[in-house]
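Side-chain atoms are counted along with the backbone in the values below, which use heavy atoms only and exclude waters and symmetry mates. What you see is a predicted model, and the numbers here were worked out from it, not measured in a lab.
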Amino acid sequence: MYSFMGGGLFCACVGNILLVVSTATDYWMQYRLSGSFAHQGLWRYCVAGKCSMQTESVAYWNATRAFMILSTLSCFAGIIAGILSFAHFSNFQRFNRSFAAGIMFFISTLFVLLAMAIYTGVTVNFLGKRFGDWRFSWSYILGWVALLMTFFAGKM
């Protein structure tokens, strides 16, 4: 049983690192704009090597940001609960900490799924038609990998 808990904690730690990196970096989408390459993330966009903050308050960016942050926080809370499940305190004997950690990992999975679904839907339907030559980039892919890692952490 402890090996599954350890494997789940390992998946959760990797998933949490991937969530932080995915949320913080600005390579969610790459495209060509006026003959030069550009890329954007959740917080800023870069065109021809010059980066600027995204100042406009667009609903799908705000929703994606919020769900990614909530996912990261719930995954971190699950990691803390998972670490505490290894400790055997006399208090909290009726409270199953490993079950609580698994629930937090599944909640994290739900939040990252919502964030990725919102971003994917708007990008494909709106931005994909606006920019002819575009593609999803590595920050976006790390978000999907983090979804898998948090799911398997909750399963273990």
Side-chain angles (χ1 to χ4, degrees), residues 1-31 38-46 51-125 127-128 134-156:
M1 178 169 150
Y2 285 120
S3 63
F4 282 119
M5 288 171 45
L9 278 177
F10 176 75
C11 287
C13 289
V14 171
N16 203 22
I17 290 169
L18 293 177
L19 282 170
V20 169
V21 170
S22 176
T23 304
T25 55
D26 55 350
Y27 282 89
W28 279 60
M29 180 178 155
Q30 292 179 334
Y31 51 92
H39 56 88
Q40 72 178 18
L42 299 178
W43 308 101
R44 64 185 194 156
Y45 63 94
C46 300
C51 296
S52 303
M53 296 299 291
Q54 293 190 12
T55 55
E56 59 265 354
S57 180
V58 180
Y60 87 95
W61 274 329
N62 291 338
T64 304
R65 289 174 191 156
F67 283 129
M68 290 298 283
I69 291 170
L70 286 172
S71 176
T72 303
L73 292 175
S74 62
C75 186
F76 184 73
I79 290 171
I80 297 301
I83 290 171
L84 289 177
S85 69
F86 281 109
H88 298 288
F89 296 122
S90 61
N91 301 341
F92 306 123
Q93 290 191 6
R94 302 187 101 208
F95 179 68
N96 191 350
R97 289 174 286 234
S98 60
F99 180 74
I103 294 298
M104 292 305 293
F105 296 142
F106 282 131
I107 290 171
S108 177
T109 302
L110 175 68
F111 284 148
V112 75
L113 178 66
L114 287 171
M116 299 306 286
I118 290 168
Y119 188 84
T120 303
V122 172
T123 301
V124 169
N125 291 323
L127 294 177
W134 69 277
R135 65 183 175 133
F136 291 115
S137 193
W138 59 268
S139 296
Y140 173 81
I141 295 168
L142 286 181
W144 283 109
V145 174
L147 178 127
L148 292 174
M149 296 302 280
T150 56
F151 176 76
F152 287 123
K155 190 126 171 92
M156 289 185 186

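Relative orientation of the Trp138 and Tyr27 rings is parallel, given thresholds of 30° and 60° on the angle between their planes. In this pair, Tyr140 and Trp144 present their aromatic rings perpendicular. The plane angle is above 60°, beyond the 30 to 60° band.
For the ring-ring contact (aromatic ring centres under 6.0 Å, His included) with Trp28, the lone residue among Tyr45, Tyr119, Tyr60, Trp61 that qualifies is Tyr119.
At least one side-chain heavy atom of Phe136 sits less than 4.5 Å from a side-chain heavy atom of Val124. Leu19 is listed as a side-chain neighbour of Ser108, based on a closest heavy-atom distance under 4.5 Å. Counting only heavy atoms from C-beta outward, the side chains of Ile79 and Cys13 approach each other to under 4.5 Å. In this structure, Phe67 and Leu113 have side chains that are not in contact, with every pair of non-hydrogen atoms separated by 4.5 Å or more.
When every heavy atom of Ala153 is checked against every heavy atom of Ala12, the shortest pair comes out as CB-N, 3.6 Å. For the residue pair Gln54 and Arg44, the shortest heavy atom distance occurs at NE2-O, 3.5 Å. Smallest separation of non-hydrogen atoms from Ala146 and Gly15: CB-O, 3.7 Å.
Considering CG of Leu147 and CG of Leu142, their distance stands at 12.5 Å, rounded to 0.5 Å. For the atom pair CD1 (Ile118) and CZ (Arg65), the distance works out to 12.5 Å, reported to the nearest 0.5 Å. Note that NE2 of His39 and CD of Gln30 are 7.0 Å apart. Values are rounded to the nearest 0.5 Å. Distance check: Thr150 OG1 to Met104 CE gives 11.5 Å after rounding to the nearest 0.5 Å. To the nearest 0.5 Å, atoms OG (Ser85) and CG (Leu9) are separated by 6.5 Å. Within the model, atoms CE of Met149 and SG of Cys75 stand 9.5 Å from one another, a figure rounded to the nearest 0.5 Å.
Taking a 6.0 Å sphere around CZ of Phe76, one finds it holds 12 or fewer heavy atoms contributed by other residues, nucleotides or ligands.
Between the side chain of Trp43 and the backbone N or O of Thr23, at least one donor-acceptor pair lies under 3.5 Å. With hydrogens and angles disregarded, a donor-acceptor distance shorter than 3.5 Å links the side chain of Ser74 to the backbone of Ser71.
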> For Ile107 and Phe111, what are the C-alpha separation, side-chain angles and deciding distance, and is it a side chain to side chain contact (heavy atoms under 4.5 Å, CB included)?
Replying inline: CA-CA 6 Å; Ile107 290 171; Phe111 284 148; 3.5 Å; yes
>> Determine whether Asp26 and Gln40 satisfy the following criterion, side chain to side chain contact (heavy atoms under 4.5 Å, CB included), listing intermediate values before the conclusion.
In response: CA-CA 5 Å; Asp26 55 350; Gln40 72 178 18; over 6 Å; no
> Taking it one step at a time, do Asn16 and Phe105 satisfy side chain to side chain contact (heavy atoms under 4.5 Å, CB included)?
Replying inline: CA-CA 10 Å; Asn16 203 22; Phe105 296 142; over 6 Å; no
